[in-house]
K.L.:
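Submitted below is the structure of interest, expressed as structure tokens.
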2 protein chains.
Amino acid sequence: MERANGAPERGSAREAIVQAAIDCFYERGYETTSVQDVVERAKVTKGAFYHHFEKKDDLLLHIHDRFMDELLTAMEELRARQLPPREALALLIEDIVVATATYQREYAIFFEQRRNLAAEPFQKVRAKRDQYERLVVQAIEDGIAKGAFRAVPSAHVLAFGIIGMVAWAYHWYRPSGLSPQEIGRMYASVVLDGIAPA
Amino acid sequence: MERANGAPERGSAREAIVQAAIDCFYERGYETTSVQDVVERAKVTKGAFYHHFEKKDDLLLHIHDRFMDELLTAMEELRARQLPPREALALLIEDIVVATATYQREYAIFFEQRRNLAAEPFQKVRAKRDQYERLVVQAIEDGIAKGAFRAVPSAHVLAFGIIGMVAWAYHWYRPSGLSPQEIGRMYASVVLDGIAPA
DNA sequence: CGGAACATACCGGCCGGTCGGTATGGGCTC
DNA sequence: GAGCCCATACCGACCGGCCGGTATGTTCCG
């Protein structure tokens, strides 16, 4: 089976399209990117695209959905370990920073391009995002209930603050400075000291 | 000078267009919004639009630019007061949360639609954003230098963390819960405790 | 040989931007 | 203060290109 050297394997088109789309959407945004742009970057044709996807929307939805699955899986695994509150929150913060660095483009696309998704298909993704947020809130409420953290006016607002602090890294993170782990540990120490019981 | 009741005043079109654009861009994004959408919402015509603006880009640029000016002004005023580090940082955090609540749509547009601006016109806006970030970094470095805050691996990374924590509110803030001031004070107390000297 | 995986040509609509024209009102001249 | 003039502020019909999506043909593999 002598396949010409650079020729793509038959059947690999789908993932190539998704990866190309991630690049394009990250660099130029969803609406600004034409289907033609994506298929050219993926080195396939428009026919191949519409064979694998119904419409352009599906592509964005698929990227969002898979991304949320990755995040949720990591988060559920962490919760399953049943760590004491301080370690749990510290690891959670560290994990999110690492995830932000790893999935930087997907984060950017998720937060910048979600207004381009129709309301209905976005529901499914939003449910997963809500679940994600709930896990962070629970980690904090758990710590407060166990006396590991001081009481705060609102565990939800604190949780959003932590998520923001950490997720914001998608805006500025570059591999040249501190490593994701170092950044995560730094943020965790600030937060843990900040909410330590009096 | 009896002007007919509902008739818009001559010359008021420009601001009406800008406000309509902020609404549209916030709700549906820049590319998804057509110039036709904007002028219909502003109750003017396409001719009026292209009289006041050269192209669609100008609109987005104008929104970004004016927004950054508002933020920078507030920040410069705060710095001019020369407060001691702890008060300065606390007020800074509180101010940004209040600004986030006040300019929620502009924040969203700034962070979600900036990939739709060509690189060159965006330079001017980016310079202002950089200046803004620099002021936050300085507030932290100043506090560390004066011994009011403990040393951290990177003042820049900490500054970005604080900005993220606070600016993230544009995603979730709703007037029904805690007030912006309360949120700001809560975040400030966590951060100040978190970076207090050992 | 059948169906999955593509390729290619093409269409119809929308959208940014243009262009020739009109109305309004403030200032200047006499 | 009457007439004029012209800049500013708008109007609205129109165009050309691009882009999402389709329809139909072709190739490869089991």
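Within every chain, numbering begins at 1; the chains are lettered A, B, ... in the order of the sequence lines, protein sequences first and strands thereafter. Atom set for the values below is all heavy atoms of this structure, side chains included, hydrogens, waters and symmetry mates excluded.
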K.L.:
From CG of A:Asn116 over to P of D:dG20, roughly how many Å is that when rounded to an integer?
P.N.:
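Checked: the CG to P distance equals 12 Å.
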
K.L.:
Taking only the side-chain nitrogens and oxygens of A:His52, find out if one of them lies under 4.0 Å from OP1 or OP2 of C:dC6.
P.N.:
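Checking C:dC6 against A:His52, a side-chain N or O does come within under 4.0 Å of OP1 or OP2.
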
K.L.:
I need the CZ-P distance between B:Arg28 and C:dC15, as an integer number of Å.
P.N.:
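After rounding, the gap between these two atoms is 10 Å.
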
K.L.:
Between D:dC15 atom C1' and B:Tyr50 atom OH, what is the distance in whole Å?
P.N.:
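These atoms are roughly 13 Å apart.
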
K.L.:
How many Å lie between CG on A:Asp57 and P on D:dG21, as a whole number?
P.N.:
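Going from A:Asp57 (CG) to D:dG21 (P), I get 7 Å.
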
K.L.:
A:Gln36 CD to D:dC18 C1': how many Å, rounded?
P.N.:
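Those two atoms, CD and C1', are 11 Å apart.
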
K.L.:
When you check the gap from the basic side-chain N to the acidic O, do B:Arg134 and B:Asp130 get nearer than 4.0 Å?
P.N.:
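The answer is no: the pair does not qualify as a salt bridge.
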
K.L.:
Is there a donor N/O on one and an acceptor N/O on the other, under 3.5 Å, for the side chain of B:Lys56 and the base of C:dG17?
P.N.:
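Answer is no: no donor-acceptor pair is held.
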
K.L.:
For B:Tyr26, is the NZ or CZ atom of A:Arg115 found under 6.0 angstrom from the centre of its six-membered ring and inside 45 degrees of the ring axis?
P.N.:
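Yes.
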
K.L.:
Cation-pi between A:Lys56 and A:Tyr30: NZ/CZ under 6.0 Å from ring centre and within 45° of the ring axis?
P.N.:
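Yes, a cation-pi geometry.
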
K.L.:
Given atom CZ of B:Phe49 and atom P of D:dT8, what is their separation to the nearest angstrom?
P.N.:
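After rounding, the gap between these two atoms is 20 Å.
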
K.L.:
For B:His51 and D:dA9, is the shortest distance between a side-chain N/O and OP1 or OP2 below 4.0 Å?
P.N.:
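Checking D:dA9 against B:His51, a side-chain N or O does come within under 4.0 Å of OP1 or OP2.
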
K.L.:
May I have the distance from A:Glu54 (atom CD) to D:dG21 (atom C1'), rounded to whole angstrom?
P.N.:
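Value for this atom pair: 12 Å.
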
K.L.:
Do the charged groups of B:Glu27 and B:Arg41 touch, with an N to O distance under 4.0 Å?
P.N.:
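Looking at B:Glu27 and B:Arg41, the cut-off is met.
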
K.L.:
Between A:Glu31 and B:Gly47, which is nearer to the 5' end of DNA chain D once each is assigned its nearest nucleotide?
P.N.:
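Nearest nucleotide further toward 5': that of B:Gly47.
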
K.L.:
With respect to the side chain of B:Lys46, which nucleotide from D:dG21, D:dC10, C:dG16 is positioned closest?
P.N.:
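For B:Lys46, the side-chain atoms sit closest to C:dG16.
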
K.L.:
Using a strict threshold of under 4.0 Å (side-chain N to carboxylate O), is an ion pair present between A:Arg79 and A:Glu76?
P.N.:
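Between A:Arg79 and A:Glu76 there is a salt bridge, with a charged N closer than 4.0 Å to a carboxylate O.
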
K.L.:
Less than 3.5 Å between a donor and an acceptor, one on the side chain of A:Lys55 and one on the base of D:dG20, is that the case here?
P.N.:
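It does not, because no donor-acceptor pair links the side chain of A:Lys55 to the base of D:dG20 below 3.5 Å.
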
K.L.:
Nearest to the side chain of B:Thr45, which nucleotide is it out of C:dC6, D:dC10, C:dG16?
P.N.:
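Taking heavy atoms from C-beta onward, the closest nucleotide is D:dC10.
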
K.L.:
Within the structure shown, what part of the strands sits under 4.0 Å from B:Thr33 by heavy-atom distance: base, sugar-phosphate, or nothing?
P.N.:
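Here B:Thr33 touches the backbone only, sparing every base.
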
K.L.:
Quick check for you: among C:dG16, C:dC6, D:dA9, whose closest atom lies nearest to any side-chain atom of B:Val35?
P.N.:
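Of all the options, the side chain of B:Val35 is nearest to C:dG16.
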
K.L.:
Between C:dG17, D:dC11, D:dT22, which nucleotide gets closest to the side-chain atoms of B:Ala48?
P.N.:
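Of the options given, the side chain of B:Ala48 lies nearest D:dC11.
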
K.L.:
From CD of A:Glu15 over to P of C:dA5, roughly how many Å is that when rounded to an integer?
P.N.:
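Checked: the CD to P distance equals 15 Å.
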
